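Note that the structure is a prediction, hence the values are computed from the model and not measured. Side chains included, hydrogens not; waters and symmetry mates left out as well; all remaining heavy atoms used.
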Amino acid sequence: RIRGIFVSGKRKPSTWPIFRARLEEKIRELNPDVLHAHFGKEGVWIAPVARSLDIPLVVSFYGYDLSELVEQPFWRKRYRDVLWPAIDAAIFLSKDMEEDARPLGFEGESHIVHLGRDLNEFPYHPPQNTVRKLVSVGRLVPKKGHKDAIRAVEQLVERGRDIHLRI
């Protein structure tokens, strides 16, 4: 049976030593077989504890932690100096994400785990009524596709459809 610790949350770098000391004490009591951090930032935070206790560290990356976050020198340096040397395996959502991590210094074991769903599991059924309202939910960043939704609805309105988009 594998026992693991899940790490997530927000912390300021100035508080890291205090929280790490407390966390190390608790992890030592639990004696898990593996530590699993979700997002690179949390991996940086927990990496010294994993190394200190000689517990394997797995980190899952989800996007911003290999794109936006590493544009900041603070995080780029911590990935290089703290995370990459301590990580035992990384989980990426795609091969592209894994390839993005290599120039940043990642050289370890990796696994690709797609979070998407097979669309064949959801056969298309035309709506019973005319669609008049659409909702697009997501952060207001280009990769979430809100501009695509706006353009699509704009085309429908130009064709005379009574349709509204809410973001």
Taking a hydrophobic cluster as the set of Ile, Leu, Val, Met, Phe, Trp and Tyr residues connected by side-chain heavy atoms closer than 4.5 Å, whether directly or through intermediates, do [X] and [Y] fall within one such cluster?
{"X": "Val141", "Y": "Phe61", "answer": "no"}
{"X": "Val153", "Y": "Val137", "answer": "no"}
{"X": "Leu119", "Y": "Leu93", "answer": "no"}

Could you report the tightest heavy-atom contact between [X] and [Y], atom names first, then the distance?
{"X": "Asp81", "Y": "Pro85", "value": "O-CG, 3.6 Å"}
{"X": "Pro56", "Y": "Asp33", "value": "CD-O, 3.2 Å"}
{"X": "Ile87", "Y": "Ala90", "value": "CD1-CB, 3.9 Å"}
{"X": "Met97", "Y": "Gly63", "value": "CE-N, 3.4 Å"}
{"X": "Val70", "Y": "Arg76", "value": "O-NH1, 3.1 Å"}

Just how far is it from atom [atom1] of [X] to atom [atom2] of [Y], taken to the nearest 0.5 Å?
{"X": "Leu134", "Y": "His164", "atom1": "CG", "atom2": "NE2", "result": "10.0 Å"}
{"X": "Phe106", "Y": "Leu83", "atom1": "CZ", "atom2": "CG", "result": "9.0 Å"}
{"X": "His111", "Y": "Glu98", "atom1": "NE2", "atom2": "CD", "result": "10.0 Å"}
{"X": "Ile150", "Y": "Ile167", "atom1": "CD1", "atom2": "CD1", "result": "4.0 Å"}
{"X": "Arg22", "Y": "Ile27", "atom1": "CZ", "atom2": "CD1", "result": "14.0 Å"}
{"X": "Ile46", "Y": "Leu23", "atom1": "CD1", "atom2": "CG", "result": "4.0 Å"}

Legend entry - Heavy-atom neighbours of Glu121 CD exceed 12 at 6.0 Å: yes
Inset, instruction - State whether the number of non-hydrogen atoms from other residues, nucleotides or ligands found under 6.0 Å of Glu29 atom CD is greater than 12. - result: yes
Between [X] and [Y], is there a donor-acceptor pair closer than 3.5 Å when you use the side chain of the first and the backbone of the second?
{"X": "Trp45", "Y": "Ala37", "value": "no"}
{"X": "His146", "Y": "Gly138", "value": "yes"}
{"X": "Asp88", "Y": "Val58", "value": "no"}

Legend entry - Partner residues of Glu24 under the salt bridge (Lys or Arg N to Asp or Glu O under 4.0 Å) criterion, sequence neighbours left out: Arg28
Are [X] and [Y] side-chain neighbours, meaning at least one heavy-atom pair lies under 4.5 Å?
{"X": "Ile55", "Y": "Pro32", "result": "yes"}
{"X": "His36", "Y": "Ser60", "result": "yes"}
{"X": "Ser110", "Y": "Arg102", "result": "yes"}

Inset, instruction - Run through Leu66, Val59, Val113 and flag the one making a side-chain contact (heavy atoms from CB on, under 4.5 Å) with Phe92. - result: Leu66
Legend entry - Worked verdict on Asp65 versus Glu42 for side chain to side chain contact (heavy atoms under 4.5 Å, CB included): CA-CA 10 Å; Asp65 48 359; Glu42 280 66 35; over 6 Å; no
Legend entry - Worked check of side chain to side chain contact (heavy atoms under 4.5 Å, CB included) between Asp100 and Ser67: CA-CA 8 Å; Asp100 290 344; Ser67 58; over 6 Å; no
Inset, instruction - Give the C-alpha distance, both sets of side-chain angles, the deciding distance and a yes or no for side chain to side chain contact (heavy atoms under 4.5 Å, CB included) between Leu53 and Arg51. - result: CA-CA 5 Å; Leu53 297 175; Arg51 289 191 86 177; over 6 Å; no
Inset, instruction - Please name the residue in the list Tyr79, Trp75, Tyr64 that meets the ring-ring contact (aromatic ring centres under 6.0 Å, His included) test with Phe39. - result: Tyr64
